[in-house]
Asker: 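Below you will find the structure I want to go over with you.
Keep in mind the model is a prediction, meaning the values are calculated, not measured. Chain naming here is simple, since letters A, B, ... match the order of the sequence lines and numbering starts at 1 in each. What's counted below: heavy atoms across the whole structure, side chains too, no hydrogens, waters or symmetry copies.
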Protein chains: 2
Amino acid sequence: MLAAMSRDTLTADQIVRAAIELLDGEGLDGLNMRSLGKRLGSAATAIYWHIKTKDDLVRLAGDAVWREVELPDLDGTDWRTAAAAMATGMHAMLTRHPWLGQAFGSHLLYGPGKARLDDHSLAIYEKAGFAAADADQAAGTVFVFVLGSALGPASQVSLTRRLGRNGADAERLLAETVSRAAEVAMEFPRLRERLGTAAAADYAMAPEGSFEFGLRAILDGFEARLAT
Amino acid sequence: MLAAMSRDTLTADQIVRAAIELLDGEGLDGLNMRSLGKRLGSAATAIYWHIKTKDDLVRLAGDAVWREVELPDLDGTDWRTAAAAMATGMHAMLTRHPWLGQAFGSHLLYGPGKARLDDHSLAIYEKAGFAAADADQAAGTVFVFVLGSALGPASQVSLTRRLGRNGADAERLLAETVSRAAEVAMEFPRLRERLGTAAAADYAMAPEGSFEFGLRAILDGFEARLAT
DNA sequence: CATGCGATTGAACTAAGTGCAATTGGAGGC
DNA sequence: GCCTCCAATTGCACTTAGTTCAATCGCATG
């Protein structure tokens, strides 16, 4: 009975993959069982034969995307290169799947996919010379920073979707929201200084290159601590 | 007509305050108009006279809690003390209101409350000696880190609520979830090493003191950059 | 061809956001 | 003191979405 059924039947894997596509496009709150069913060509409730609840589906999807992150080789490179590669890989993955950041705020996502990364992170920071407890915290620091960096993009996806619900032009509404934020910022001297009338709409979005800046600061900080 | 109506009437402020209480207790997805109405002693739909939508309510609540953060004095202290005080204050606030981290993943929360903090952050990092663009990114780095640190606690609140929905014992279910995570972790050598059988349930929760560790690393990193 | 069960379906229940028409109750004009 | 008006509230109802369940379907096996 290892052979596949001939009837064109759903599999958990298929469902998770389709869910990830929906999540990528619509954000965490854009995923719903009925449209997922439609995408799969089956009734929404058919999903429940394969997956217990929507929460579970999110957990599975989350765990799956963690596996997209490549683990940098530890032999032949210094720890900092490996740490940067890993953080950058995680950041790239979260850029593809910004909903994962959201999901971390509402689900406990600690499956094998994430454990695999955690384990490798520890290896990196142990190699760097951190004691066990400190390696833990160093890995946690980078993780939290990377996750936090994804929240902005995630909120943009989510908000756009919600704005477009009643058939309205989401792009325009989003632009309005952003420019209202810029107006508020104009009341504060240092923020105003940065919002040249031209780029006024760029407040409320992370400045270009801020991930690299932050990552570098963190790794510099680790080096400083290791040097003492 | 400045005098208050005599009829015991709702105000936006009152609603926002009640919403914050609900959010603190139940998380972002625990807030709903019907229970909010109940807490206010009025029909759920009465809220809509004062507040446009639930999204708007969340925005208002978010902006309100930002104002709880005290702005450290900049005269008479070095920038690092001020930066640490501010980050710690934000962290404390997010510990009281973990849902704010969640909200940042789904709403654009850029009102005056946050602008006030952003402006002061910039002042701190300019005082430190960063050029304008770099001060921006330094502030962003700390912000993202602090926000990310709040996601874990937020997910715990949210998940607990969802688990307890069908009348089940949420505490027990949460404990089961966590210990399942620990089991997964046991398959990875470095994670296993940390999960002495005793503290096995502590994986999936940030280790004690990890916020301080990370903050120190970031500020050390800033100092390193400033020294070059 | 009959049977059994893995898999699917559609109806239906529930929770929650929100629009709307009807109603209430106090304040100001007479 | 009564009437009128309108800010504020209410209950109803519609919609979307998660989930349950009984009925059914269709392949694999006997």
Asker: Scan side-chain atoms only and decide if B:Glu68 and B:His97 contain a donor-acceptor pair under the 3.5 Å cut-off.
Answerer: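 Yes, B:His97 and B:Glu68 have a side-chain donor paired with an acceptor closer than 3.5 Å.
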Asker: Would you tell me if any nitrogen or oxygen in the side chain of B:Arg165 comes within less than 4.0 Å of OP1 or OP2 on C:dA16?
Answerer: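 The answer is yes; a side-chain N or O of B:Arg165 sits under 4.0 Å from OP1 or OP2.
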Asker: Can you tell me how far C1' of D:dT15 sits from CZ of B:Arg34, to the nearest Å?
Answerer: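 Rounded to the whole Å, the gap is 11 Å.
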Asker: Just to confirm, is there a sub-4.0 Å distance from OP1 or OP2 of C:dG6 to any side-chain nitrogen or oxygen of A:His50?
Answerer: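 So the side chain of A:His50 is outside the cut-off, no N or O lying under 4.0 Å from OP1 or OP2 of C:dG6.
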Asker: Where does the angle between the aromatic ring planes of B:His91 and B:Phe211 fall among parallel (under 30°), tilted (30 to 60°) and perpendicular (over 60°)?
Answerer: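 Rings of B:His91 and B:Phe211: parallel, under 30°.
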Asker: Scan A:Leu36 against the nucleic acid and name what it touches under 4.0 Å (heavy atoms): base, sugar-phosphate only, or nothing.
Answerer: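 Here A:Leu36 touches no strand at all.
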Asker: Closest-nucleotide mapping onto DNA chain C: is B:Thr45 or A:Trp49 further toward the 5' terminus? I mean the 5' end.
Answerer: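 Nearest nucleotide further toward 5': that of A:Trp49.
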Asker: State whether the number of non-hydrogen atoms from other residues, nucleotides or ligands found under 6.0 Å of A:Arg39 atom CZ is greater than 12.
Answerer: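 Above 12, so yes.
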Asker: As a test of reading the structure: which of C:dT18, C:dA16, C:dT9 is closest to the side chain of B:Tyr48, going by heavy atoms?
Answerer: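 Looking only at side-chain atoms, B:Tyr48 lies closest to C:dT18.
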Asker: What is the separation between atom NZ on A:Lys52 and atom C1' on D:dC21, rounded to the nearest whole Å?
Answerer: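 Rounding to the nearest Å, NZ of A:Lys52 and C1' of D:dC21 are 18 Å apart.
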Asker: Tell me: CG of B:Asn32 to C1' of C:dT14, nearest whole Å?
Answerer: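 Rounded to the whole Å, the gap is 13 Å.
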Asker: For DNA chain C, what residues of residues 13-21 of chain B have any heavy atom nearer than 4.0 Å?
Answerer: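 By residue number: none to list.
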Asker: Rounding to an integer number of Å, can you tell me how far B:Leu31 CG sits from C:dA15 P?
Answerer: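 From B:Leu31 CG to C:dA15 P: 17 Å.
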Asker: Any side-chain N or O of A:Thr9 under 4.0 Å from OP1/OP2 of C:dT8?
Answerer: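 Yes, A:Thr9 has a side-chain N/O under 4.0 Å of OP1/OP2 on C:dT8.
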Asker: Check this one for me: any side-chain N or O of B:Thr53 less than 4.0 Å away from OP1 or OP2 of C:dG17?
Answerer: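 Answer no for this pair, as no side-chain N or O of B:Thr53 is under 4.0 Å from OP1 or OP2.
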Asker: Whole angstroms only, please: what is the CE-C1' distance between B:Met33 and D:dA13?
Answerer: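 Whole-Å distance recorded here is 17 Å.
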Asker: Using side-chain heavy atoms (C-beta onward) and a distance below 4.5 Å, is A:Ser155 in contact with B:His107?
Answerer: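 With C-beta onward as the side chain, the pair stays apart.
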Asker: How would you list all residue pairs meeting ring pair (Phe, Tyr, Trp, His ring centres under 6.0 Å) that involve residues 10-34 of chain B, not counting sequence neighbours?
Answerer: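 Of all non-adjacent pairs touching residues 10-34 of chain B, none passes ring pair (Phe, Tyr, Trp, His ring centres under 6.0 Å).
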Asker: So with a 6.0 Å cut-off around CD of A:Glu187, is the heavy-atom count from everything else above 12?
Answerer: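 No - once you tally the heavy atoms of other residues, nucleotides and ligands closer than 6.0 Å, there are 12 at most.
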Asker: Rounded to whole angstroms, how far apart are NZ on A:Lys38 and P on C:dT9?
Answerer: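 For the pair A:Lys38 NZ and C:dT9 P, the rounded distance is 13 Å.
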Asker: Of the nucleotides C:dT8, D:dA17, D:dT9, which has the atom closest to the B:Leu10 side chain?
Answerer: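 Within the option list, the nearest is D:dT9.
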Asker: Mind checking B:Ile47 for me? I need base, sugar-phosphate or nothing, with any heavy atom below 4.0 Å counting as a touch.
Answerer: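 Since no nucleic acid heavy atom lies under 4.0 Å of B:Ile47, the category is nothing.
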Asker: Find the distance B:Lys54:NZ to D:dT16:P and express it as a whole number of Å.
Answerer: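 In whole Å, D:dT16 P lies 17 Å from B:Lys54 NZ.
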Asker: Are B:Arg59 and B:Asp63 close enough for a salt bridge, meaning some N to O gap below 4.0 Å?
Answerer: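 No, no charged N to carboxylate O under 4.0 Å.
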Asker: Report the distance from atom CD1 of A:Ile51 to atom P of D:dT20, rounded to the nearest whole Å.
Answerer: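 It works out to 14 Å between those atoms.
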